Amino acid sequence: MAVDDNFREIVWTVIMSIPPGKVMSYGQVARLAGYPSHARMVGGILKKLPAKSKIPWYRVVNAQGKISFPVDSAAYLRQRQQLEDDGVAFRGDKILPAMFVDY
DNA sequence: ACGTTGACCTTCG
DNA sequence: TCGAAGGCCAACG
């Protein structure tokens with residue numbers, strides 16, 4: 001059982017546990033998964049995620065409360081739309097600190 | 001084998 | 001509040 005496979009699974013589980021209307025940072029996900037220094041790897045996993053996956057990847061943003069895509073990209077708009085549909089409140093391009101799931 | 005890259009984080013000024 | 005700088009670590013070419 002390779003550690004990497006576990007990591008990927010745990011990350012999925014953690015992300016799926018994020019309640020609707022809330023968000024979590026990459027670092028937070030990594031910590032809860034048991035790999036505190038693997039924030040970047042979380043991003044790597046999400047990037048590889050199949051488009052039809054039911055995992056709510058859009059609920060994962062960076063620690064500054066911003067979407068990790070260029071504001072002019074289609075991906076940015078897509079993620080932002082999903083979040084707003086989910087009830088996540090923005091102030092400008094940043095997500096309010098209160099929207100993060102507390103742990 | 002080695003330098004570069006990246007859906008990151010934290011500290012500092 | 002904002003940007004630069006350093007730290008981090010697996011994946012890639």
Side-chain angles (χ1 to χ4, degrees):
Chain A
M1 61 189 283
V3 177
D4 292 345
D5 297 328
N6 268 311
F7 179 56
R8 201 168 47 243
E9 274 186 35
I10 299 174
V11 165
W12 289 338
T13 306
V14 171
I15 293 177
M16 287 190 286
S17 77
I18 303 175
K22 290 278 187 175
V23 298
M24 200 179 276
S25 77
Y26 295 88
Q28 215 169 5
V29 171
R31 273 201 310 278
L32 290 187
Y35 295 77
S37 62
H38 288 52
R40 306 187 83 135
M41 304 298 100
V42 173
I45 290 174
L46 294 189
K47 172 155 50 171
K48 294 182 101 180
L49 222 47
K52 18 193 74 67
S53 172
K54 294 170 184 54
I55 295 175
W57 57 270
Y58 54 85
R59 292 186 190 150
V60 185
V61 298
N62 66 33
Q64 303 179 343
K66 295 201 297 182
I67 292 174
S68 294
F69 283 119
V71 290
D72 50 21
S73 69
Y76 174 91
L77 293 175
R78 203 165 60 237
Q79 181 169 6
R80 172 153 188 164
Q81 183 64 67
Q82 291 263 37
L83 288 173
E84 291 185 335
D85 288 350
D86 231 32
V88 175
F90 283 74
R91 186 185 54 189
D93 56 338
K94 306 188 209 73
I95 292 171
L96 303 180
M99 306 311 291
F100 282 80
V101 41
D102 30 44
Y103 83 108

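Numbers restart at 1 for each chain; the letters A, B, ... are given by sequence-line order, proteins then strands. Given the structure is predicted, the values throughout are model-derived calculations rather than measurements.
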Open item on the list: Check this one for me: any side-chain N or O of A:His38 less than 4.0 Å away from OP1 or OP2 of C:dC8?
Closed with: no

Open item on the list: It should be established whether A:Ser25 places a side-chain nitrogen or oxygen under 4.0 Å from OP1 or OP2 of nucleotide B:dC9.
Closed with: yes

Task: Over-ring placement of A:Arg40 relative to A:Tyr26, 6.0 Å and 45° cut-offs - done: no

Open item on the list: Side chain of A:Ala63, heavy atoms from C-beta onward: which of C:dC12, B:dT10, C:dC8 has the nearest atom to it?
Closed with: B:dT10

Task: Under the side-chain contact (heavy atoms from CB on, under 4.5 Å) test, residues paired with A:Leu32 that sit two or more places apart - done: A:Val14, A:Met24, A:Tyr103

Task: Non-neighbouring partners of A:Lys66 that pass side-chain contact (heavy atoms from CB on, under 4.5 Å), sequence neighbours left out - done: A:Asn62, A:Gln64, A:Asp93, A:Lys94

Interatomic distance, [X] [atom1] vs [N] [atom2] [rounded to whole Å]:
X	N	atom1	atom2	value
A:Ile15	B:dC8	CD1	C1'	14 Å
A:Arg8	C:dA10	CZ	C1'	13 Å
A:Phe7	C:dC9	CZ	P	12 Å
A:Leu46	B:dC8	CG	C1'	12 Å

- [ ] Classify every nucleotide of nucleotides 1-6 of chain C by which part a protein heavy atom approaches to under 4.0 Å, writing B for the base, S for the sugar-phosphate alone and - for neither, in 5'-to-3' order.
- [x] SS----

About how many Å separate [atom2] of [Y] and [atom1] of [X], when rounded to the nearest 0.5 Å?
X	Y	atom1	atom2	value
A:Ile10	A:Ser17	CD1	OG	12.0 Å
A:Leu83	A:Lys22	CG	NZ	13.5 Å
A:Tyr35	A:Met41	OH	CE	13.0 Å

TODO: Could you walk me through whether A:Gln81 and A:Asp85 pass side chain to side chain contact (heavy atoms under 4.5 Å, CB included), step by step?
DONE: CA-CA 6 Å; A:Gln81 183 64 67; A:Asp85 288 350; 3.0 Å; yes

Open item on the list: Quick one about A:Gln82 and A:Asp86 (side-chain donor to acceptor, distance below 3.5 Å, no hydrogens or angles considered), yes or no?
Closed with: no

Show the distances under 3.5 angstrom between N or O atoms of the protein and N or O atoms of nucleotides 4-6 of chain B.
unit_1	atom_1	unit_2	atom_2	d
B:dG6	N9	A:Arg40	NH2	3.3
B:dG6	N7	A:Arg40	NH2	3.1
B:dG6	N3	A:Arg40	NE	3.4

Would you mind reporting whether [Y] and [X] have side-chain heavy atoms less than 4.5 Å apart?
X	Y	answer
A:Pro70	A:Tyr76	no
A:Tyr58	A:Ile67	no
A:Ile95	A:Val61	yes
A:Arg59	A:Ile15	no

Open item on the list: Give me the distance, rounded to whole Å, that separates B:dA7 from C:dG7 when you measure between the P atoms they each carry.
Closed with: 22 Å

Task: Of residues 26-34 of chain A, the positions that come close to DNA chain B - non-hydrogen atoms, cut-off under 4.0 Å - done: A:Tyr26, A:Gly27

Task: Close approaches to DNA chain B from residues 67-90 of chain A, in residue order (heavy atom, under 4.0 Å) - done: A:Ser68, A:Phe69

